[in-house]
Enquirer: 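I am attaching a structure below and will ask some questions about it afterwards.
Hydrogens, waters and symmetry mates play no part in the numbers below; they use all other heavy atoms, side chains included. Positions are given from 1 along the sequence.
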Amino acid sequence: MLEHVMLPMELAFLAILLIHLLQKGVNFLRNHNHKLTHGGISTENHHPTVITIGFAYKTSITFSLLLLAVHISLLLMMITNGDSSQCNSKLEAFASQSILVFSWVISVISLCMMPKFYTKFPWMLRSWWLLSFLFSIITLAFHTHFKKGQIGTREYVDMLGLLASTCLLGISVRGRTGSVLATNGISEPLLSEKLESESKRVPESLYGKSTFIQLITFSWLNPLFALGYKKPLEQNDIPDVDIRDSAEFLSNSLDESLRKVKEKDGTTNPSVYEAIYLFGRKKAALNACFAVVNAAASYVGPYLITDFVNFLGEKGQRGLNQGFVLSLAFLCAKMIETICQRQWIFGARQLGLRLRAALISHVYKKGLVLSSRSRQGHSGGEIMNYMSVDVQRITDFMYYINVIWMLPVQISLAVYILHTNLGLGSLAALAATLTIMTFNIPFTRTQKRYQAKIMEAKDNRMKATSEVLKNMKSLKLEAWDSEFQHRIEELRGIEYTWLWKALRQNAFSAFIFWGSPTFISVVTFWACIFLGIELQAGRVLSAFATFRMLQDPIFSLPDLLNVIAQGKVSVDRIASFLREEEIQHDAIESVDRDQTEYDIVVEKGRFSWDFDSRSSSTLDGIDLRVKRGTKVAICGTVGSGKSSLLCGVLGEIYKQSGSVKISGTKAYVAQAPWILTGTIRDNITFGKEFDKDKYDKTIEACALKKDFELFSCGDLTEIGERGINMSGGQKQRIQIARAVYQDADIYLLDDPFSAVDAHTGTHLFKECLMGILREKTILYVTHQVEFLPAADQILVMQNGRIAQAGKFEELLKQNIGFEVLVGAHSQALESILTVENSSKIEAESNTKGELERAQNDTDQGDNNNSSSSSSNSSPQEINEKDGKLVQDEERERGSISKEVYWTYMTTFKGGAMVPFILLAQSSFQALQVASNYWMAWVCPTSSEAKPIYDMNFILLIYMLLSVGSAFCVLLRAILVVKAGLRTAQTLFINMLQRVLRAPMSFFDSTPTGRILNRASTDQSVLDLEMAMKLGWCAFSVIQILGTIAVMSQVAWQVFVIFIPVTAVCIWYQRYYTPTARELARLSQIQIAPILHHFAESLAGAASIRAFDQQSRFVYSNLGLVDNFSRPWFHNVSAMEWLSYRLNLLSNFVFAFSLVLLVILPEGIINPSIAGLAVTYGINLNVLQASVIWNICNAENKMISVERILQYSNIKSEAALVIEDSRPPNNWPQTGTICFNNLQIRYAEHLPCVLKNISCTFPGRKKIGVVGRTGSGKSTLIQAIFRIVEPREGSIVIDDLDICKIGLHDLRLRLSIIPQDPAMFEGTIRGNLDPLHKYTDQQVWEALDKCQLGELVRAKEEKLDSLVVENGENWSAGQRQLVCLGRALLKKSRILVLDEATASVDSATDGIVQKIISQEFKDRTVVTIAHRIHTVIDSDLVLVLSDGALRFSSFLEKLTRHFLLVLADFIEVLIWSS
């Protein structure tokens, strides 16, 4: 009968094969004749040279020969023994086998004659191997069926043939021969050298060049494990990802998917869901196939248990062969399950990796083009959550999506098996299963709501944390760090509440999971009793195994729905972000330079920062034409629209109407310096090729040359995050140098001289604007009137309009407002000239040469100190670590210390919960085994036997034992959740406190991304995963001990194989752990650079767009994503490598135990108990693998605990309050500040920044501190606030040494208006009075005095007016005025102004100075300023140079040191006029 089907197929295929060979022969003869006709020209040299014959090619020949031998053997058996087949015609059977032999002879010949340079097998051979595999399966199944399980010689031969056919099927699926080729032997050595040199940087992808067998067994990872076992892995040791897993390839793939969705739907906002479907459907379909086969294979065991128990009871009648066949079936099913399970899990992780890389790259690209309003609507911390948390949840969904395909298969097979054994009782089981699954749906809805709340709370916490870290220096100066810490703790408290609710519900889900088999089994068995279906031991044990298998789909459904809920929330959040409003891409029209003489043309321009605001506008009626090479100065009062005008030219502000035309390339210098973490040279070249001549000219023009000479590594010295280890002037000059080096056509400079002293400003103006950029078109905003006369045109901004335009002299003559700005400046100039004249005699006593020498000395002193005396903080460890301030992120090496585990387990109540958790799990395991043992013992083994007790009593005892075990699980789950969450909370609070109490040097050298990564990703691991992962290490050990105990009851001999196999498993675990541990650490470390780079890119998005550098930054982001993907991909692959091997070993132990049960004589063992052992043994491979896997996984997750503990042990600042040394409530009274031999250094290995400063600031006087950029002015201020501690000497305020009191007692009694004004997200009232100490009336008074009262009253919300993150909806000048308002509210006895009016115009500066002189007339005011007229009214002037006190005296006693500083300012005026 079989041959009737197979023979026609064989003949048809043989005919096709012969025709194909005949065609090949004809082509060969034709080519041969052509060769002879053309004089025997050989074409052999045109073929590639074969370096290595592929493994797949060799294997195919081996298995083809084996199959040829198999079919020859079967043919000989038919000839010698007669026809043993079930065919009615011997001739058909003989013909069929002969055709197979002939076909395999042709196959072997074809393989041997196939050209060795073929990289793929011919399609004909691959088709034949596929057909042969199908023939082998059909033949074996057919013969086994008709022989009723009896195994003979033919069946063994068929099995051997099936094995060989399966291997050939695998080779045909891959299709590659594996041969390595080279096109030219001469060039090969050079190519090898190139590849070898590249491999030293990033090894070639192991996965990309792996064979089929290596893909199945994950042995392609062996070289990496060998290296990781020898030494701790470094990032450069990890092989590259395959090209299909690279971020660039994946980003382009998602772009293509989005494009297809756009075209299909005809919309500009394509569905992200559809795009993700198109992006991953092929890989997802392959994973689904593996998952379905895995689900089907997992139910073979429960299906065969009844037959196996029956066999054990009737061993004598059935014979051992049937037992061996059943054992083989068990083993084959477990092998297929193992292979498919490992492949679909690996495939799901790989798909998650691909989707992660694609989404991160798209979120990044979107961040670069967000409009200002969209940027204000999404804080940095919130966008960080998109890239870290939301993308991770979508990645997790790629794993759970396969459960969708597995669920129906699992439930259908379970019902089928139960129907086979229990008949209509299976319907009761189905109803009970569906009831439990339905009961879980409301839980899932609640869980979805909880997840949304958790994400919202996490966003708020991360937003606040990010803002605090960015403004840490301001918080410390104002002594607000405790208040903002309390705010973060409150936000964490809200998050903790939702976490507890969600995890508590998960505990009840665990109760349902472990209680569901009890419920289903009781319902099913009672239904069987009601229907009169006999409950025999074999049927009961098969049902038990099936019920246990049903746990997976029952538990998977709510888990799946939960992950779907999380994934949907995350996809919606990312989709919403990707749909956010972008900058206008068509706002600027580019014009060729040869078509116009104007570089900038704005006609009837109307601009607004609010996209929806059609009625109001920020700028209106803008008409501007700038000729090529023109210098245009823009001036005006604070908030008049100067920076907005530049943004209009750049296309950064929404254009409501009009046109903007640009001719040429642009360069932009922002008002707030934007500095990238990296070397100074990288910041200046900014992606341009290094040209030494141009570079030298640039740094000379920007007055950076002498700074570089004194840096330990010159311009290769690394800058800290946001340029934090550079003074304000140095950051500004580096930013200007970046623009100059670009050699652009148009330069847009937003107040470039505000952060530099008069001398440096003069140099920049002369050498940059009027020197190296003299032929360029320049628009520059400035508040310094002295830089206006040299401009070709001046624009005066007022209320968003160009109020006046013209040259300096023309505007003065118009007498309609411009003179107000100049007048304030002139008054200040008159006061300076008065001082100059009063000291003229002393100044003239110096000869011209002496004056020049003194000035040179001062210049040298300035530059000597510029490298070390940052106005912001310390250049940490530049000398010792090759110029690197920000070192590579610290990571532990080797195994995780026992102290980390101990700290984690004992943080909550000293670990008192751990014994109770273990006791609950042990009780659960004991009760579960007892319930199953009870049913196996009391149920009859055959229909003739009667049960020992009444079935109702049996089921009652079983139900009590099972319910008891389920409640033990509930107790265990609640204890784990409670202990884990409380531990996570304690560790978070400890880390938060230590980070916020860390000295400023820590924040200088630690990128914000590193801290945020711990507060986000690592904290999420502690909140949601760590406790359960660690708990399952113990739970799985308890489970496997229970399984072994049951199996040893019937076959203690299993220990003979179990013990050595366990030893091998432990060896594998120890071999795996060193590599996996370092891969996990490296993948954690590589997250922070992605977040840090994104944060920097968001902060400087306007500059990136202005310089047209988007593509370079996107490419850098792709490289960082690949750096993360490499360790992460190999880490998840390593898990599958280990799991595959452990599963194989477990399968071997299970098969050995089955064989033992088969060969043991009948009567020695109870068939029911033996069946129970098999029921437990089915899951032995999973349990044994889970023990090792849980240990390894817990260790990987414990790295997050290790990283958080690192930041919980940071050295803190001095105490905030010293109870035994608190100052009086009225301290300070007069505000006298005495410096006694003060020396400051930022680190022990660095030179002193302030050297032996000894002077006294008299109380209730005005003290001016002057000196050139980097002279140590701001360091002196930091010392007063103890941001840096004195190395020697002391600072005494009103007879009290400030180093002997607490930091808060000191800082709360002082006020400061800092150089870099900080505003926080919230309201204007919250920014002025975050501690809520003052009334609304007092706040309004402060606003009026700082010139902001009218502006705030004009807003609808008044004091509750919105302040977005970093105060970006307020201008820089307005932010400085808000800081002034804080000082006016505080009314401290000592006020410090650190370049407090650098970003305001001269008129506003004069008003501010008048307010300060009135409000603080009886207080000590210390002023640092680059504008000389700002300090000219001071009672005492302190001149600093090179960190030393050059002179301090009252104005009437000034000497030439101050006059030199004064001369710089006068020089600017003379030169500009």
Enquirer: Is the shortest side-chain N to carboxylate O distance from D459 to R573 below 4.0 Å?
Expert: yes
Enquirer: May I ask you to decide whether R1105 forms a salt bridge with E652, counting only side-chain N to carboxylate O separations under 4.0 Å?
Expert: yes
Enquirer: Does D715 offer a backbone N or O that forms a donor-acceptor pair with the side chain of R681 under 3.5 Å?
Expert: no
Enquirer: Angle between ring planes, Y780 versus F753, binned at 30° and 60°: parallel, tilted or perpendicular?
Expert: perpendicular
Enquirer: Measuring from I634:CD1 to S640:OG, what's the distance to the nearest 0.5 Å?
Expert: 9.5 Å
Enquirer: Kindly indicate, with the supporting measurements, whether the criterion side chain to side chain contact (heavy atoms under 4.5 Å, CB included) is fulfilled by L250 and S361.
Expert: CA-CA 9 Å; L250 297 169; S361 65; over 6 Å; no
Enquirer: Apply side-chain hydrogen bond (donor to acceptor under 3.5 Å, both in side chains) to the pair T677 and E1096, showing each step before the final yes or no.
Expert: CA-CA 8 Å; T677 302; E1096 285 194 329; 2.6 Å; yes
Enquirer: Between K776 and D743 (salt bridge meaning N to carboxylate O under 4.0 Å), is one present in this structure?
Expert: yes
Enquirer: Do the side chain of T1006 and the main chain of F1002 share a donor and acceptor less than 3.5 angstrom apart?
Expert: yes
Enquirer: Compute both the distance and the angle, then confirm whether R1112 meets the cation-pi test with Y1115: under 6.0 Å from the six-membered ring centre, within 45 degrees of the axis.
Expert: no
Enquirer: Does Q1110 CD have over 12 foreign heavy atoms under 6.0 Å away?
Expert: yes
Enquirer: Quick test of your reading of the model: are K470 and E467 salt-bridged, counting only N-O distances below 4.0 Å?
Expert: no
Enquirer: If we check ring-ring contact (aromatic ring centres under 6.0 Å, His included) with F1107, which of these qualifies: Y668, Y741, F686?
Expert: F686
Enquirer: If you look at every heavy atom in A575 and V272, which pair is closest and at what distance?
Expert: CB-CG2, 3.6 Å
Enquirer: Treating K476 as the side-chain partner and F1281 as the backbone partner, does any N or O pair qualify as donor plus acceptor under 3.5 Å?
Expert: no
Enquirer: Are more than 12 heavy atoms from other residues, nucleotides or ligands located less than 6.0 Å from atom NZ of K365?
Expert: yes
Enquirer: Classify the angle between the aromatic ring planes of F1113 and W674 as parallel (below 30°), tilted (30 to 60°) or perpendicular (above 60°).
Expert: tilted
